[in-house]
Amino acid sequence: MFIRALHHVRSASSSSRLFSFEALVQAIKHGELEISSGIYQEHLHRRGLSSPCTIASISTSSNKGLSTSAFEAFFEDNEEGDASCIIQEKDYLRKSHNSKEGLYVLDLIDQGSIVPDHTLYNKLLKKCTDLGKLREGRMIHEHFLKSKFKSDVFTLNTIINMYTKCGSLNDAKKMFDEMPCKDMVTWTALISGYSQNERPEEALALFPQMIELGLKPNQFTFGSLLKASGSATTDTPGRQVHAFVVNCGYSSDVYVASSLVDMYARFDRIKEAQIVFDGMVSKNEVSWNALIAFHARKGEGKDALKLFWRMQREGFKPTHFTYASVFKACASTESLEQGKWIHAHMLKSGGKLIAFVGNTILDMYAKAGSIEDARKIFNRLESRDVVSWNSMLTGLAQHGKAREAVERFEEMLKIGVPPNYITFLCVLTACSHGGLVNEGLYYFELMKKYNVEPHVDHYVTKVDLLGRAGLLNKALDFIKDMPIEPTSAIWGALLGACRMHKNTELGIFAGERCIELDHTDSGPHIILSNIYASIGRLSDVARVRKRMREIGLDKEPGNSWVKIGNADHVFVANDDAHPLNEEIRKMWVKVSEKIKQAGYVPDTSHVLAFTDQQEREARLQVHSEKLALAFALLNTPPGTRILILKNIRVCGDCHSAIKFVSKVMERDIIVRDTKRYHHFSGGSCSCKDYW
DNA sequence: GTAGGGTTAG
């Protein structure tokens, strides 16, 4: 509107000035120019123009529309208006009227309606950067090169930045190479471009060249270099950059120091990270977040939470980044109570449930066994991204809700969220766990349609899908025809399926391939030795177990834990160290009699076949989940839901026993093992005995 | 004009 009015004003003007005051007055009288804001009205009023004016539309703030000073200048009858004030911000990237390709603002410049200065180009480029508009940015770049400002380094740097932020590093690099005069910002812009686009080597390689030219890096340069160093293969570059930081006197810059903390944390150098952190003269939220994120990544939930409370005691407000790490920490320590509390605390202090942090809350609830709460969070999310969907699908898959996972996945496709490779892993896992073979095969093929390249994990999941369903030969054929070399994980999936379906011959074949390719995992060794034991090939049992001993592999001792209130009660197999040992044993005897009456038959095939005395004794062990269950039954009121967590997978016999317990004792019991959740209720399990 | 911290799977 404003632009149109100015056109009118300009064409009506007979004077040599760009805009004439008289013409402007005419435009206002004809209602072509809409004016709002007190200050403008005052100007108009002084000139007796207030009544015919429509009061609306033009924003009063100086960065939108006509700035106050420009307007005043205009009324002082200046020779020319400031170009960047004449076009409103919302019109920066408006399309041309006469061509689909062009930009309106560029037309105006070409027509001479507005006279650009370099700030206009900068503003237009900034807009493209913020909105990720590469095509428009390129047009402005080309236009700029034809202008009289074409060698202005300031704007050229803005263009490099626009290209890197819009993801076109090639354009940025090309410009960089073509620039005859580069300053420190030029180098820094390109370094940050590489570092933000996960190309750390290229970012780091620029640094020595820059130094050689005698350019001095600043805090921006160091921030980017340290980010790049954090994803390098070793900590050597990071240490070198640190030395430069000290030399150049940037150690106490809060950006640089926070980046240093983060860089060291990424290489597990917690001591160094802590030293930098403690030595910071001024900290901000980011400094804390870097340290909290480190502990959250490491699964050190308690440390992360301690820092979370400490940062607030020291007067720092948690941000979305903080919450994301803290909820991850709660998820890894199963601190659901604490997590719920922090969730409430966040909402109370005005935190919104945006995807950024909502995803981690959803994940936390799902991991803590409450798929209902996870679902609620998903439904309440103010914004959803692909990670929200993936997290929901993962939760559903792990809780045995295969059908619902498939439905959600279809819904996601329907509303047009592009699935990524993790999405496909989630939905394939859901199908595999739920026995939805046809759906799984269909989704595997669907990856092509969405241009998702199958990764080795997808192949593993497909072998798992076929294998679990008993289609062992199909699984083997698939492995033979795969375009990639089978890995130990591929053979491991087949081995697991062979154990499940008691196919010794193929199991031995898969097991031997599996341990050939990776001898660091005890799981396949144990399964393989059990298969040999089951058919009496004791020399092979001895061979596999000897190899395990030689490379120092031990079966991870199985343990289970239950939370009663805020306390964790941990049990290992055959545990008699618990203070309530007597009562627990008695309870289990009582329970076990009850469930036997209900039809439970102990299944000894899950006891490992061992040969020596020590191991023979172990056969008599009472599995830890049974002890944990007995303890929970003793210590919780009738009817309450029991959650048991395990560090290894639940064994078949315990699985069957717990099903009976859920019926006989009328309890809902959830067991989380390393792979998934089992919801036992009324005598059956959500996994439908298919895991 | 240039900077640092987060989530899903395995």
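In what follows, chains carry the letters A, B, and so on, assigned in the order in which the sequence lines appear, proteins first and then strands, with residues in each chain numbered from 1.
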- prompt: Between A/Ile292 (CD1) and B/dG4 (C1'), how many Å, whole number?
  reply: 15 Å

message: What's A/Phe327 touching, base or sugar-phosphate or nothing? Going by heavy atoms closer than 4.0 Å.
response: nothing

message: Taking only side-chain N and O atoms of A/Arg297, does any of them lie within less than 4.0 angstrom of OP1 or OP2 on B/dT7?
response: no

A/Lys298 bridged to A/Asp303 by N-O distance under 4.0 Å: no

field: Closest non-hydrogen atom pair, A/Ala232 against A/Pro237
entry: CB-CG, 4.1 Å

message: Give the residues of residues 192-209 of chain A touching DNA chain B, defined as any heavy atom closer than 4.0 Å, sorted by residue number.
response: A/Ser192, A/Gln196

field: Pair A/Tyr163 + A/His141: ring centers closer than 6.0 Å
entry: yes

query: Can a donor-acceptor pair under 3.5 Å be found between the side-chain atoms of A/Ser259 and the base atoms of B/dG4?
result: no

- request: Round to a whole Å and report the spacing from CG of A/Asn218 to P of B/dG4.
  value: 12 Å

- request: Could you check how far OH of A/Tyr255 sits from P of B/dA3, rounded to whole Å?
  value: 9 Å

message: In this structure, how many angstroms lie between the P atom of B/dT7 and the NZ atom of A/Lys367, rounded?
response: 11 Å

message: Parallel, tilted or perpendicular: which one describes the rings of A/Phe327 and A/Tyr323, with boundaries at 30° and 60°?
response: parallel

query: What are the residues of residues 374-386 of chain A, sorted by number, that bring a heavy atom to within less than 4.0 Å of DNA chain B?
result: none

field: Length of the CD1-P vector between A/Ile191 and B/dG4, whole Å
entry: 12 Å

query: What does A/Thr188 touch in the nucleic acid at a heavy-atom separation under 4.0 angstrom: a base, only the sugar-phosphate, or nothing?
result: base

- prompt: What nucleotide among B/dG5, B/dA9, B/dA3 has an atom nearest to a side-chain atom of A/Phe321?
  reply: B/dG5

field: Geometric class of the A/Phe144/A/Phe149 ring pair [parallel <30°, tilted 30-60°, perpendicular >60°]
entry: parallel

task: Can you label the angle between the A/Trp309 ring and the A/His345 ring as parallel, tilted or perpendicular, going by 30° and 60°?
output: perpendicular

field: Which residues share a side-chain hydrogen bond (donor to acceptor under 3.5 Å, both in side chains) with A/Glu314, sequence neighbours left out
entry: A/Arg310

field: Side chain of A/Glu285 (C-beta onward), nearest among B/dG5, B/dT8, B/dT2
entry: B/dG5

- request: Under 4.0 Å from any atom of DNA chain B, heavy atoms only: list the residues of residues 164-187 of chain A that qualify, in numerical order.
  value: A/Lys165, A/Asp183, A/Val185

A/Met263 side, atom CE; A/Lys227 side, atom NZ - distance, nearest 0.5 Å: 14.0 Å

task: Starting from the C-alpha separation in whole Å, work towards a yes-or-no answer on side chain to side chain contact (heavy atoms under 4.5 Å, CB included) for A/Lys462 and A/Leu428.
output: CA-CA 7 Å; A/Lys462 182 160 169 184; A/Leu428 289 170; over 6 Å; no

task: Determine the interplanar angle of the A/Phe321 and A/Phe356 rings, folded into 0 to 90°, and report it as parallel if under 30°, tilted if 30 to 60°, perpendicular if over 60°.
output: perpendicular

task: Establish, yes or no, whether a centroid distance under 6.0 Å links the rings of A/Tyr443 and A/Phe409.
output: yes

query: So, are A/Glu89 and A/Lys127 salt-bridged, with charged N and O less than 4.0 Å apart?
result: yes

statement: Testing B/dT8, B/dA3, B/dG4 for proximity to the side chain of A/Asn390, the answer is B/dT8

message: How many whole angstroms separate atom OH of A/Tyr250 from atom C1' of B/dT2?
response: 12 Å

- prompt: Are a donor atom and an acceptor atom from the side chains of A/Thr119 and A/Asn122 found within less than 3.5 Å of each other?
  reply: no

Parallel, tilted or perpendicular, as decided by the 30° and 60° cut-offs, for the rings of A/Trp288 and A/Phe277: perpendicular

message: Can you pull out the residues from residues 260-284 of chain A that lie within a 4.0 Å heavy-atom distance of DNA chain B?
response: A/Asp262, A/Arg266, A/Asn284

query: Tell me: NE2 of A/His455 to C1' of B/dG10, nearest whole Å?
result: 9 Å

Check against ring pair (Phe, Tyr, Trp, His ring centres under 6.0 Å), A/Trp187 and A/Phe176: CA-CA 8 Å; A/Trp187 286 84; A/Phe176 178 88; 4.9 Å; yes

message: Please tell me whether A/Phe444 and A/Tyr459 form a close aromatic pair, meaning their ring centres lie under 6.0 Å apart.
response: yes

task: Send over the distance from A/Leu225 CG to B/dT2 C1', rounded to a whole Å.
output: 12 Å

message: Under 4.0 Å, heavy atoms only, any strand: does A/Ala293 hit a base, just the sugar-phosphate, or nothing?
response: sugar-phosphate

- request: Would you jot down, in residue-number order, the residues of residues 353-361 of chain A having a non-hydrogen atom under 4.0 Å from DNA chain B?
  value: A/Phe356, A/Asn359, A/Thr360

- prompt: Any side-chain donor paired with an acceptor under 3.5 Å for A/Asn284 and A/Ser287?
  reply: yes

message: Any donor-acceptor pair, under 3.5 Å, between the side chain of A/Thr319 and the base of B/dG5, if you only look at N and O atoms?
response: yes

task: Would you mind telling me which of B/dT8, B/dG6, B/dT2 lies closest to the side-chain atoms of A/Ser325?
output: B/dG6

message: Let's go through A/Ile377 and A/His343 carefully: what are the C-alpha distance in whole Å and the side-chain angles of both, what is the deciding distance for side chain to side chain contact (heavy atoms under 4.5 Å, CB included) to 0.1 Å, and is it a yes or a no?
response: CA-CA 11 Å; A/Ile377 296 293; A/His343 179 191; 3.4 Å; yes

- request: Consider the side chain of A/Ala324, meaning its heavy atoms from C-beta on, and name the nucleotide among B/dT2, B/dT8, B/dG6 that approaches it most closely.
  value: B/dG6

